[in-house]
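Notes follow the structure.
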Amino acid sequence: MRLFCFILLFSLLSCYETSRDCKAYKTGEFYSEVSINDVLYKSTFKRSGDLQIETYNKKIDSSKLRWINDCEVIFKTINPKNRAERKDVHLKILTTTDSSYTFEYSYVGETKKQKGVAYKIK
């Protein structure tokens with residue numbers, strides 16, 4: 001009986017596969033939410049091929065995009081105003097739905113990652 005329960009549980013868990021249709025999120029208009037230390041940060045951005053323009057706290061920030069593959073991209077701030085903005089950011093799409101994606105990101109070369117969700121507006 002234990003063996004049967006183990007096989008049933010294993011087969012149910014092994015069939016679960018996360019969905020990732022990353023190509024659908026390479027362009028468009030988005031709204032994102034990231035929680036850091038229990039503070040929710042919200043922004044909107046427009047992405048087109050190799051450019052992303054983001055609005056956060058009424059400030060506009062533009063980045064060049066370099067896609068590593070369909071699900072990973074490197075952001076390079078176009079006009080960095082300080083040392084932190086000079087660091088490139090690596091973003092990886094973890095899962096997708098028909099209208100959103102979950103992602104993790106970090107500065108290139110750093111191990112500490114943050115997670116967030118982006119929702120497609122258009």
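None of the values given here were measured: they were computed from a predicted structure.
- Checked by atom type and distance alone, the side chain of N37 never pairs as donor or acceptor with a backbone atom of V39 at under 3.5 Å.
- A donor-acceptor contact shorter than 3.5 Å is absent between the side chain of Y105 and the backbone of K115.
- T96 places a side-chain N or O within donor-acceptor distance of the main-chain N or O of D21, the cut-off being under 3.5 Å.
- A side-chain N or O of S32 and one of S43 form a donor-acceptor pair less than 3.5 Å apart.
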>> side chain to side chain contact (heavy atoms under 4.5 Å, CB included), that's the test. Do Y107 and V89 meet it? Break it down for me.
In response: CA-CA 4 Å; Y107 287 117; V89 174; 3.9 Å; yes
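- The closest donor-acceptor contact from the side chain of T97 to the backbone of S99 lies under 3.5 Å.
- Residues passing the side-chain contact (heavy atoms from CB on, under 4.5 Å) test with T44, sequence neighbours excluded: Y31, T55.
- Using bins of under 30°, 30° to 60° and over 60° for the plane-to-plane angle, the ring pair F30/Y101 lands in the perpendicular bin.
- When each of K76, R47, K26 is tested with L65 by the rule side chain to side chain contact (heavy atoms under 4.5 Å, CB included), just one qualifies, namely R47.
- For E54 and K59, the salt-bridge test fails: no basic side-chain N is under 4.0 Å from an acidic carboxylate O.
- Checking side-chain atoms of E85 against main-chain N and O of K81 turns up a donor-acceptor pair under 3.5 Å.
- A donor-acceptor contact shorter than 3.5 Å links the side chain of K120 to the backbone of A24.
- Atom CD of Q52 is separated from atom CG of D61 by 9.0 Å, given to the nearest 0.5 angstrom.
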